[in-house]
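Following: one structure in structure tokens, then a few remarks.
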Protein chains: 2
Amino acid sequence: MDTTFPDLRQYGGADAFLEACKPRAILDMLTGKWSTLVMGALLDGPRRFNELRRMLDGITQKMLSQTLRALERDGIVTRTVYPTIPPRVDYELTPLGRSAGGLLMAIADWSNQHADDVFAARRAYDERAAEPVQPVLPKIPI
Amino acid sequence: MDTTFPDLRQYGGADAFLEACKPRAILDMLTGKWSTLVMGALLDGPRRFNELRRMLDGITQKMLSQTLRALERDGIVTRTVYPTIPPRVDYELTPLGRSAGGLLMAIADWSNQHADDVFAARRAYDERAAEPVQPVLPKIPI
DNA sequence: CAGGATCCCCCTTGATACTG
DNA sequence: CAGTATCAAGGGGGATCCTG
């Protein structure tokens, strides 16, 4: 095995990402279609509900409030209600949320470095799949 | 805004994770229920199909072959067919795949450091939700 | 303004059976 | 051994309507 890359086995290999384990839960937390976008929208500071809705063009109220509730539950954002009329609610990243932003940064970093490779591999694979079927090799008896 | 954490805005904030953008595609690639497990199972070297199936207890043939095909398409694993009888197929991580393993490592790292905070926040939130409803504050006219 | 409640659809996952 | 094909189920996500 080449040693160009760090030995990941210290993290437990496949076991490190079993459904019941923590990295899986974290991955699921970041995985929602909108979670990353909401966190990204909060990087500059607190935002109000409809402010977020405008920033995340295309999100529905349901998904926005659902995503915000999940992030609040996970300690990623705080929800501050001002008992004014009309009501005002601010959402803001917690320190933990900003730390999670660092994780997103790592993903974006990796993506900047390797996404093109992935897409190139994808194109190559799809082209190969479009080619005519290769003739069957003569069977070699054991 | 505190500067304890790196400024993520250089990555484009929410825009950096829009559906059409690359980090989103990479996240989706890692996100599949079995992708991380398969990659983890391949860290030690090449594996055969049924070998992986045994390692990933609970995975169905369908999901395993589906996951492997997706990873092959993305250039994460290679598929090597030996035209013997019975047939033998080896799957192995590519350099790109091992690099992606580094990304998983970053996630596992963050998880080791912060997952407990997330779970604690989650418990606290759920307990608050179980409490009796707070009395409604008297409305303060504008 | 900030959501809650509903209905619905599609896509992923799973179970089962069959094949080269 | 290494898959593919088919069918059934469940949940995430979206559209819409309603409320304090």
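Predicted model, so just to flag it, every value in this text is computed and none were measured.
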Return the polar atom pairs (N/O with N/O) between nucleotides 7-11 of chain C and the protein under 3.5 Å, or none.
none

Would you say a side-chain N or O of R88(B) is under 4.0 Å from OP1 or OP2 of dA2(D)? no
Can you find a side chain N or O atom of R53(A) that sits less than 4.0 Å from OP1 or OP2 on dA2(C)? no
Residues touching DNA chain D, which here means a heavy atom under 4.0 Å, drawn from residues 63-71 of chain B: S65(B), R69(B)
For [X], salt bridge (Lys or Arg N to Asp or Glu O under 4.0 Å) partners two or more places apart:
{"X": "R123(A)", "result": "none"}
{"X": "R73(A)", "result": "D126(B)"}
{"X": "R69(B)", "result": "none"}

Output all residues satisfying side-chain hydrogen bond (donor to acceptor under 3.5 Å, both in side chains) with [X], sequence neighbours left out; order by chain, then residue number.
{"X": "T36(B)", "result": "R24(A)"}
{"X": "R88(A)", "result": "D90(A)"}
{"X": "E51(B)", "result": "R47(B)"}

Between the first and last five pairs of the helix from dC1(C)-dG20(D) to dG20(C)-dC1(D), the angle of the axes, rounded to 10 degrees: 40°
Suppose we screen for side-chain contact (heavy atoms from CB on, under 4.5 Å). Which residues come up paired with A115(B), at least two apart in sequence or across chains? K22(A), I26(A), S111(B), F119(B)
Non-neighbouring partners of D117(A) that pass side-chain contact (heavy atoms from CB on, under 4.5 Å), sequence neighbours left out: H114(A), L96(B)
Provide the full list of ring pair (Phe, Tyr, Trp, His ring centres under 6.0 Å) pairs with a residue in residues 46-104 of chain A, sequence neighbours left out, each pair given once. none
